[in-house]
Each structure stands twice: as C-alpha cells, then as structure tokens.
Amino acid sequence: FNADGSEAEISGNGLRCLAAHIFHRRLHAAAELLVQTRAGIKRVHMVGASGTGFSFEVEMGLPILDPAKIPFRLNPPPSSLNGCKLQVGEELYSVTVTSMGNPHCSIFLDSFESFDWKRIGSQIEVHPAFPERTNVEFIRIVNPGTIEVLFWERGVGATMSSGTGACAAMVASVLNGFVARKVRVAAQGGDLEIEWRPDGLLKLVGPARMICEGEYLFDDGC
C-alpha cells in the first residue's frame with residue numbers, strides 16, 4: 001500500500017523487505033520464496049545474510065511494452081513508446097513508457113542540477129495519458145554499465161529507491177541504446193544490480209536490512 005492509501009500492483013523494494021522480515025523471524029527455512037503479487041508470482045532468492053542485513057536476487061518478470069496493458073493512452077497514439085513526446089504544462093518532454101506490472105514513465109537528463117524533477121514528477125504522475133497514474137524516473141547515464149536515477153513514485157512522491165522504477169529505468173536505457181543489458185543503478189538509497197536476461201526476464205539484486213521491531217496493539221473497535 002502506498003502512502004496515500006492506494007494499493008500498488010507490486011513493489012520491488014517491498015518484496016525484499018518482506019523477504020528480510022520472513023528470514024529474520026525464521027518463518028521460512030529454504031533460501032527461496034515465491035511471492036504472489038497483483039503483478040504475478042515473483043521469485044525471491046536470498047544470496048547473502050549478515051546480522052540484520054540481507055541480499056536478495058528477485059525475478060521481476062517481463063517488461064510490458066503494450067500501451068493498452070500499461071495502460072498509456074495518448075491522443076494521437078504515439079508510433080513508439082520509446083522517446084515519445086508528452087506535453088506537460090507548457091513543456092514538451094521526450095519520455096519512454098513501460099510497465100513492470102505497474103506503469104512507469106522515464107525521462108533522460110544530462111544533469112539533475114537546476115531541474116525541478118519533483119514538480120515535473122508530480123505533474124506526470126497524474127497526466128491524463130496515464131489513467132491509473134504513473135511512476136516517474138529521471139535518469140542520468142554515467143557509462144554503459146551505470147545509471148543514476150531519481151524516483152517519483154505514484155501515491156508516494158519522491159523516494160530514495162524503487163525496485164520496479166530501477167528496472168523500468170534500465171529497460172528505457174537499453175531501448176534507447178545507452179547501456180548494456182546488465183547495469184548498476186545508483187539511487188539515493190543505495191545501489192541495485194539489474195540484468196535483462198536473454199529470456200526477456202529482469203533480474204534484480206539488492207539489499208534489505210532490518211532497522212527496528214515493534215509491537216502493534218490492534219483495537220478492532222477503533
């Protein structure tokens with residue numbers, strides 16, 4: 001669930017956090033989990049553990065590039081989702097639109113300096129072309145193996161990391177010919193490793209760390 005109470009189809013970070021909780025509490029013995037999400041079953045494999053920190057490999061599935069399934073409805077329909085033109089207020093942006101089970105809109109920048117990405121992200125999130133709203137990634141290409149990304153998430157706002165957003169940013173970067181099919185995604189919350197495999201599936205490797213525990217006293221009368 002997002003900060004605004006809306007329900008997301010999937011969260012790449014959420015999958016790793018869920019897995020970290022399960023393994024930390026010793027609720028599951030095997031190193032692999034199958035997690036049912038609204039975007040399908042996702043395979044999560046623990047590849048490392050040290051104290052309260054874990055590292056997971058997550059099969060994020062196939063990227064969706066069909067406008068009807070994203071959904072993305074621009075009038076007139078663009079000839080391609082790769083580098084199509086999106087009018088946002090008085091500005092026209094070149095965007096790449098994808099889905100990882102949830103919609104994503106990616107924009108490439110030469111620099112993050114002096115660009116009001118939070119304002120633009122909030123406008124694109126609710127753009128009429130995205131009937132279910134969208135997540136937005138702002139991408140700077142560092143080299144063929146590394147990209148930097150800032151995330152504006154649907155129903156949340158600016159976030160320090162996003163698993164599905166990192167995957168969408170990587171897919172957009174590959175489609176535009178900027179990077180190889182295995183990259184490091186540098187985000188404010190830390191790095192993720194993503195590979196777009198020959199079978200079309202995206203594999204994400206990243207950490208999750210327990211930082212606190214507590215007890216919630218539920219009152220069903222409130």
Side-chain angles (χ1 to χ4, degrees), residues 1-13 39 63-144 146-179 183 185-189 192 194 196 202:
F1 285 87
N2 296 316
D4 67 354
S6 60
E7 186 176 359
E9 299 87 351
I10 182 175
S11 167
N13 285 357
I64 297 169
L65 305 175
D66 180 346
K69 294 180 180 180
I70 290 174
F72 178 60
R73 300 170 187 165
L74 196 61
N75 190 21
S79 58
S80 172
L81 296 180
N82 182 24
C84 66
K85 303 303 180 183
L86 186 70
Q87 187 77 38
V88 183
E90 301 298 320
E91 300 295 328
L92 189 65
Y93 293 95
S94 178
V95 302
T96 297
V97 180
T98 60
S99 172
M100 289 304 304
N102 55 353
H104 291 269
C105 180
S106 299
I107 297 178
F108 293 95
L109 300 172
D110 293 328
S111 171
F112 297 142
E113 299 296 328
S114 72
F115 185 84
D116 193 355
W117 65 275
K118 293 180 181 179
R119 178 178 64 85
I120 301 303
S122 66
Q123 293 176 340
I124 294 178
E125 177 191 351
V126 295
H127 194 285
F130 296 96
E132 295 181 7
R133 298 188 293 167
T134 189
N135 303 282
V136 190
E137 296 82 43
F138 299 90
I139 308 164
R140 188 180 79 85
I141 305 298
V142 178
N143 57 51
T146 305
I147 60 176
E148 290 184 353
V149 187
L150 297 173
F151 302 99
W152 181 272
E153 292 198 275
R154 175 185 57 168
V156 181
T159 60
M160 297 180 68
S161 181
S162 169
T164 61
C167 289
M170 185 268 196
V171 169
S173 299
V174 171
L175 293 177
N176 282 274
F178 296 141
V179 300
V183 301
V185 178
Q188 293 171 312
L192 299 172
I194 300 176
W196 195 355
L202 285 155

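If you're wondering where the values come from, they're calculated on a predicted model, not measured in any experiment.
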Which distance, rounded to the nearest 0.5 Å, do you find between the [atom1] of [X] and the [atom2] of [Y]?
X	Y	atom1	atom2	value
Ile70	Leu65	CD1	CG	6.5 Å
Glu9	Met100	CD	CE	12.0 Å
Leu81	Phe72	CG	CZ	6.5 Å
Ile107	Ile120	CD1	CD1	7.5 Å
Glu137	Glu153	CD	CD	8.5 Å
Cys105	Ile124	SG	CD1	4.5 Å

Q: Please check if the side chain of Asn13 supplies one atom and the backbone of Ser161 the other of a donor-acceptor pair under 3.5 Å.
A: yes
Q: Measure from the side-chain N and O atoms of Arg154 to the backbone N and O of Glu132, and report whether any donor-acceptor pair falls under 3.5 Å.
A: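 Between the backbone of Glu132 and the side chain of Arg154 there is a qualifying donor-acceptor contact (under 3.5 Å).
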Could you check whether [Y] and [X], counting side-chain N and O atoms only, form a donor-acceptor pair closer than 3.5 Å?
X	Y	value
His104	Thr164	yes
Asn176	Thr96	yes
Asn82	Ser80	no

(Q) Taking ring pair (Phe, Tyr, Trp, His ring centres under 6.0 Å) as the definition, give me every residue that meets it alongside Phe151, ordered by chain and number, with sequence neighbours left out. (A) none
(Q) For Ile147, run the side-chain contact (heavy atoms from CB on, under 4.5 Å) check against Val179, Ile194, Val142 and tell me which one passes. (A)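 When Val179, Ile194, Val142 are each tested with Ile147, the side-chain contact (heavy atoms from CB on, under 4.5 Å) holds only for Val179.
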For a 4.5 angstrom cut-off between non-hydrogen side-chain atoms, does [X] reach [Y]?
X	Y	value
Pro63	Thr98	no
Lys69	Ser99	no
Ile141	Ser173	yes
Val136	Phe130	no

Q | Ser162 vs Asn135, side chain to side chain contact (heavy atoms under 4.5 Å, CB included): CA-CA, chis, key distance, verdict | A | CA-CA 10 Å; Ser162 169; Asn135 303 282; 5.9 Å; no
For a quick test of reading the model, state the closest non-hydrogen atom pair linking [X] to [Y] and the distance between them.
X	Y	answer
Val88	His127	CG2-CD2, 4.3 Å
Lys85	Leu74	O-CD2, 3.5 Å
Cys84	Pro78	CB-CB, 3.7 Å
Ala129	Leu86	CB-CD1, 4.3 Å
Ala169	Val149	CB-CG2, 3.9 Å
Glu7	Asn2	C-ND2, 4.5 Å

Q) Counting only heavy atoms not in Asp66, do more than 12 sit closer than 6.0 Å to its CG atom? A)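 Yes, because the 6.0 Å sphere around CG of Asp66 holds more than 12 heavy atoms from other groups.
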Q: Check each of Phe138, Phe115, Phe178, Tyr93 against Phe108 using the ring-ring contact (aromatic ring centres under 6.0 Å, His included) test, and report the only one that passes.
A: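 Testing each of Phe138, Phe115, Phe178, Tyr93 against Phe108, the sole residue satisfying ring-ring contact (aromatic ring centres under 6.0 Å, His included) is Phe178.
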Q. Could Glu125 and Arg133 be called an ion pair, given the rule that one side-chain N must be under 4.0 Å from one carboxylate O?
A.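 A salt bridge links Glu125 with Arg133.
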Q. Under 4.0 Å between a Lys/Arg side-chain N and an Asp/Glu carboxylate O for Glu113 and Arg140?
A.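 No, Glu113 and Arg140 are not salt-bridged.
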Q) Once the angle between the rings of Trp152 and Trp117 is folded into 0 to 90°, is it parallel (under 30°), tilted (30 to 60°) or perpendicular (over 60°)? A) perpendicular
